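I have placed the structure first, in the form of structure tokens, so that the comments after it can refer back to it.
What you see is a predicted model; the values in this text were computed from it and never measured. By convention in this document, chain letters (A, B, ...) are assigned in the order of the sequence lines, proteins followed by strands, and residues within each chain are numbered from 1.
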Amino acid sequence: MDAFKEDLEEAEEEAVEEEVIAETVFEAEKPENTGTCYLLSVSYNGRVGKALIKLYDPEKGKIYFWYDNTGHKPYCLTNASIDELRVNPAIIGYEGYDHLEAVKKYDPLKDEEVTMTKIVVNNPLAIGGGPKGGIRELLPAAWEARVKYHNCYIYDAGLIPGMPYRVKDGKLVPEGWGLNIDTPSPIKGELQDELVKEWFMVLQQPAPDIRRAAIDIEVASPAIDRVPNPSEAEYPIISVAIASSDGLNKVLLLKRGEEELKEKALNGVRLELLEDERKLIEETFKVLNDYPLILTFNGDNFDLRYLRNRAQKLGFPKASIPIVLGKDTALLPIGVHVDLYKFFHNKSVQVYAFGGKYREVTLDSISEALLGYKKIAIDKLVSELTYEELATYCYRDAKLVLDLTTFQNSLLIKLIVMFMRISKLPMEDVTRQGISGWIKNLLQFEHRRRNYLIPRPEDILTSKGGAATKALIKGKKYMGAIVLEPKPGAYFNITVLDFTSLYPSILKTRNLSYEVINCPHKECRSNIIAGTPHWVCVKRRGLTSTIIGMLRDFRAYWFKPKSKDKSLSQEVRSWYSVVERSLKVILNASYGVMGHENFPLYCPPAAEAVTAVGRYIISRTIDKAKELGLEVIYGDTDSIFVLNPREEDVEKLAAWVEEELRVDLDVDKKYRYVAFPKLKKNYLGVLEDGSVEIKGMVGKKRNTPEFLKIAFSELIGILASVHSQDEFVQAKEKIRSIVRDCYSRLKGRKYTLDDLAFKVMLSKSPKHYVKTTPQHVKAAQQLANIGKRVEAGDIIAFVKVKGPIGVKPLPLARIDEVDVDKYIGHLRTTFEQVLEALGIGFDEVLGLKRLESFF
DNA sequence: GCACGCCTCCAGGAG
DNA sequence: GTCTCCTGGAGGCGTGCC
């Protein structure tokens with residue numbers, strides 16, 4: 001209930017945000033004819049009362065505006081008849097009410113055509129979301145009333161953000177989509193040709209590069225590591241750095257006292273000293289208005305917010321400030337603002353698009369992982385730096401942000417454009433929303449395209465029911481995947497087989513989608529999903545099954561193989577690799593959102609049907625493998641580890657799987673050897689090329705102290721060089737010396753506090769830990785006691801010490817109070833995980849008894 | 001009073 | 001604010017022993 005209320009409030013905020021745009025008077029050119037442009041953004045302009053489209057002209061590097069001229073208006077649907085509504089004064093007398101229309105829609109839950117009434121209004125707030133509640137609150141039942149107007153406009157106009165368009169005689173038309181393109185045959189299947197063709201054009205179309213500038217500001221804060229409050233904006237902005245893709249690289253500095261600049265430029269970056277802060281801000285606004293794309297890192301909540309509020313404080317007229325603040329956003333009237341913090345924060349982007357290369361979502365951590373260089377470290381207040389030091393520091397941040405979008409041929413821009421096209425979201429939205437927002441919008445677009453009524457979440461739940469299986473873990477909603485018990489030990493020549501995109505394949509081949517599972521037809525009830533009481537419709541194809549299945553096929557049969565096809569040019573291959581990665585992000589989340597309560601198409605039976613089929617598929621495959629004489633050592637969800645198989649047996653198995661289970665089974669990789677401890681989700685393997693893969697083990701976890709990580713990686717280095725059983729014996733000796741060395745350095749307190757620190761993230765603010773007080777929270781509390789601010793997302797570094805509390809944060813700890821025995825315990829668990837798999841005892845390696853006599 | 005076992009919470013990972 | 005499964009470590013509580 002609370003969550004529902006919060007959602008309501010949020011929806012209100014966002015709708016109000018659309019209105020706020022009315023305050024600004026900024027306009028870009030609105031030509032009657034343009035060349036080929038890219039659709040970056042769709043929003044609602046309250047002042048004009050129309051949908052506003054921002055087009056990017058790559059030739060000129062600038063933005064054009066195009067306002068809707070088709071007369072499209074906001075609306076919602078209801079099941080009340082026109083006659084009933086016509087006599088309802090609350091509705092027809094509502095401010096902004098326009099007219100009523102009878103419309104026919106296909107209701108996917110009922111599988112029948114229904115007649116609905118469309119209530120059309122003159123501004124989005126009349127439907128809902130404003131302070132007055134809107135018409136949707138007055139109706140007994142409303143459909144599609146929570147779809148944001150700009151998204152509704154995209155659906156109805158069939159617009160695809162990120163695709164090329166042009167304005168021709170005042171009309172917005174698609175341009176250069178490659179209409180004569182041939183769709184690859186493996187994908188067509190029973191799908192409608194038109195659908196496949198459009199999607200293929202959309203994926204195939206290369207993405208533009210976009211002229212852009214990154215900005216970063218510094219504020220004269222009176223205290224070190226105390227971030228100034230952007231709502232107050234009480235301290236002066238002392239520098240603004242701009243790093244751009246078109247050669248404008250400069251730092252604006254606020255003049256203090258009599259001090260003059262020593263240099264006019266530093267490494268090609270122009271330095272400009274400005275007499276007063278108003279001028280500095282005005283110069284910054286010029287940049288904001290000039291560039292089609294402005295990049296920041298946390299600009300929504302800091303840089304742009306501060307700039308806006310500071311300008312207001314200094315007396316700028318509201319309408320002259322080119323920054324529009326929302327509850328959690330800072331948008332631009334002309335160009336588009338992308339806050340990279342928000343984009344990199346997206347878990348799917350982090351894990352699937354960037355392979356988990358960065359772990360903390362900070363500019364330092366991301367840039368180091370992706371670019372190989374990072375922020376400049378300073379140990380005093382920014383206001384105490386010389387002009388040159390300040391400029392260097394500030395510019396570095398802007399440059400990092402820019403480079404994050406330029407590296408690998410503007411990979412990031414291309415990914416964003418692909419995500420826009422797939423999700424049908426404007427650039428501002430796609431970079432700020434999570435994966436569920438993307439998939440929601442993608443599916444709603446496809447509903448509207450087919451004239452499907454978008455169902456209300458409560459109707460899906462009541463007509464489809466809840467989950468029938470029980471999760472293994474307490475508190476989870478339904479049962480998930482199978483993880484096999486590994487057979488502990490080291491094995492040579494292991495082949496890993498995996499089902500390509502298992503869950504998306506299941507969605508496709510089992511026809512899983514919210515509307516077709518537990519469908520209303522009697523004759524479908526016998527088409528049961530094994531392991532569940534649910535049945536699936538045999539009369540029609542589900543929407544999710546169709547769309548996700550098609551995207552899966554595009555990736556598996558076209559973009560992924562083509563991205564590795566050496567006969568294609570490097571440029572084409574790298575484009576296909578971008579597409580393939582974007583599809584992977586969508587595919588990997590497509591099943592998860594069905595099991596997510598806040599997803600508007602939440603459907604527990606569909607989610608659990610996917611995992612049930614997954615369990616069925618891996619179990620049957622393992623049985624068949626055994627029957628063929630293959631030895632399965634381990635498996636997890638969609639993979640099986642087979643010991644030294646004959647190629648023809650693998651082929652036989654794959655053929656059987658395809659025929660019998662209707663999924664693809666492929667060789668994923670081959671290990672020279674793999675070592676399994678007793679534990680699930682833990683192993684260490686050396687691939688044929690000598691590269692090492694470590695899964696799950698504590699030695700590679702982020703929060704593990706550095707000294708253990710180092711010792712662990714030395715151990716890995718030794719194991720990587722092992723080629724045969726005999727070499728293990730020599731390896732053992734080397735391992736022994738590592739462990740002993742570690743042990744004696746611990747005992748002798750030779751490590752620094754840094755080496756020994758556990759670095760654990762506060763997942764919430766310290767006061768929200770009510771059930772227990774974990775160690776990192778205890779350390780955080782001690783930091784708070786000495787006046788340091790600690791909040792959710794901070795990484796707390798602490799060491800374990802002797803005494804009642806047991807931990808101290810790094811700044812308060814001394815090396816002599818460290819609890820050495822605790823650390824030896826950690827040394828033990830870290831190494832035992834690996835050694836156990838190799839049949840070596842930890843105590844045996846250490847020679848514990850003898851060694852201890854030395855101390 | 002205090003070991004001890006048992007359960008829960010939390011962070012971080014695999015897939 | 002996709003999902004479930006799995007692990008290590010600590011916190012917290014009840015029980016039985018001295």
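Ring centroid separation for the pair A/Y823 and A/Y743 does not come in under the 6.0 Å cut-off. Side-chain rings of A/Y673 and A/Y491 stay apart, their centers remaining 6.0 Å or farther from each other. The ring of A/W199 has its center no closer than 6.0 angstrom to the ring center of A/F554.
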Subject >> Residue pair A/E360, A/T362: steps toward the side-chain hydrogen bond (donor to acceptor under 3.5 Å, both in side chains) verdict >> reply: CA-CA 6 Å; A/E360 289 100 51; A/T362 59; 5.2 Å; no
**OP:** Please lay out, stage by stage, how A/D429 and A/H150 fare under the test side-chain hydrogen bond (donor to acceptor under 3.5 Å, both in side chains).
**Re:** CA-CA 11 Å; A/D429 292 351; A/H150 67 269; 2.8 Å; yes
**OP:** Give the intermediate values and the outcome of side-chain hydrogen bond (donor to acceptor under 3.5 Å, both in side chains) for residues A/S765 and A/E791.
**Re:** CA-CA 5 Å; A/S765 145; A/E791 51 197 20; over 6 Å; no
**OP:** For A/Y358 and A/E368, run side-chain hydrogen bond (donor to acceptor under 3.5 Å, both in side chains): C-alpha distance rounded to whole Å, both residues' side-chain angles, the deciding distance at 0.1 Å, then the answer.
**Re:** CA-CA 8 Å; A/Y358 63 94; A/E368 187 170 26; over 6 Å; no
Subject >> Step-by-step salt bridge (charged side-chain N to carboxylate O under 4.0 Å, His left out) determination, A/D636 to A/K681 >> reply: CA-CA 8 Å; A/D636 184 349; A/K681 295 190 186 280; 2.9 Å; yes
**OP:** Test A/R432 against A/D300 for salt bridge (charged side-chain N to carboxylate O under 4.0 Å, His left out), laying out the working first.
**Re:** CA-CA 10 Å; A/R432 285 172 177 80; A/D300 276 348; 2.8 Å; yes
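In this entry the distance linking CD of A/Q350 with P of B/dA14 reads 12 Å, nearest Å. The interatomic distance linking A/K669 (NZ) with B/dG15 (C1') rounds to 11 Å, in whole Å. Between A/W438 atom CH2 and C/dC3 atom C1' there is a gap of 17 Å when expressed in whole angstrom units. Between A/I473 atom CD1 and B/dT8 atom P the separation is 13 Å, expressed in whole Å. Atom pair A/F758:CZ and B/dC10:C1' shows a separation of 15 Å (rounding to whole Å applied). As rounded to whole Å, 14 Å separates atom P of C/dC5 from atom CD1 of A/I618. The distance from atom CG of A/L507 to atom P of C/dC3 is 15 Å, rounded to the nearest whole Å. Taking atom CD on A/Q775 and atom P on C/dG11, their separation rounds to 5 Å, with Å as the unit.
Nucleic acid contact class of A/T773 (heavy atoms, under 4.0 Å, all strands): sugar-phosphate only. Contacts of A/G480 with the nucleic acid, taken as non-hydrogen atoms under 4.0 Å apart, involve only primed sugar atoms and P, OP1 or OP2. At a threshold of 4.0 angstrom between heavy atoms, the contacts of A/K822 are confined to the sugar-phosphate backbone, with no base atom among them. Within the nucleic acid shown, A/K347 comes within 4.0 Å of at least one base atom, counting heavy atoms only. Among the protein residues, A/K778 comes within range of the sugar-phosphate backbone only, with heavy atoms under 4.0 Å from sugar or phosphate atoms but none that close to a base. Across all strands shown, A/M479 has heavy atoms under 4.0 Å from sugar-phosphate atoms exclusively, and none from any base.
Taking the centre and axis of the six-membered ring of A/F758, the NZ or CZ atom of A/K800 falls inside the cone set by 45° and 6.0 Å.
For the OP1/OP2 pair of C/dA10 and a distance below 4.0 Å, the side-chain nitrogens and oxygens of A/K800 include at least one atom meeting the criterion. Between A/K700 and B/dG13, a side-chain N or O to OP1/OP2 separation shorter than 4.0 Å is absent. Using a 4.0 Å cut-off, no side-chain N or O of A/K701 falls inside it from OP1 or OP2 of C/dT7. Taking only side-chain nitrogens and oxygens, A/R359 never comes nearer than 4.0 Å to OP1 or OP2 of B/dG12. Side-chain N/O atoms of A/H596 include none lying less than 4.0 angstrom from OP1 or OP2 on C/dG1. Close to B/dC10, at under 4.0 Å from its OP1 or OP2, lies no side-chain N or O of A/H776.
Residue A/Y352 places its side chain closer to C/dT2 than to any other of C/dC6, C/dA10, C/dT2. Comparing atom distances between the A/Y591 side chain and each of C/dT4, B/dA14, B/dC10 picks out C/dT4 as nearest. When the nucleotides C/dT2, C/dG11, B/dG15 are ranked by their closest atom to the side chain of A/T637, B/dG15 comes out on top. Of the candidate nucleotides C/dG9, C/dG11, C/dG1, C/dG11 has the atom lying nearest to any side-chain atom of A/T772. Taking every side-chain heavy atom of A/A471 into account, C/dC5 is the closest of C/dC5, C/dG1, C/dT2. Of the candidate nucleotides C/dT2, C/dA10, C/dC3, C/dC3 has the atom lying nearest to any side-chain atom of A/Y478. In this structure, the nucleotide among C/dT2, C/dC5, C/dG11 sitting nearest to the side chain of A/V483 is C/dC5. Listed nucleotides: B/dC9, C/dC5, B/dG12. Nearest to the side chain of A/K771: B/dC9. The side chain of A/K695 sits closest to B/dG15 out of B/dG15, C/dA10, C/dT2. Set against C/dT2, C/dG11, C/dC6, the side chain of A/S436 has C/dT2 as its closest nucleotide.
Checked by atom type, the side-chain pair A/E693/A/Y683 shows no donor-acceptor distance below 3.5 Å. Side-chain polar atoms of A/S505 and A/R552 form a donor-acceptor pair below 3.5 angstrom.
For A/N703 and B/dG12, a side-chain-to-base donor-acceptor distance below 3.5 Å is absent, hydrogens and geometry of angles not being considered.
Nearest-nucleotide mapping onto DNA chain B: of A/M761 and A/Y634, the residue sitting toward the 5' end is A/M761.
Sorted by residue number, the members of residues 672-686 of chain A with any non-hydrogen atom under 4.0 Å from DNA chain C read A/L679, A/K680, A/K681. Less than 4.0 Å separates DNA chain B from at least one heavy atom of each of the following residues of residues 762-770 of chain A: A/S763, A/K764, A/Y769.
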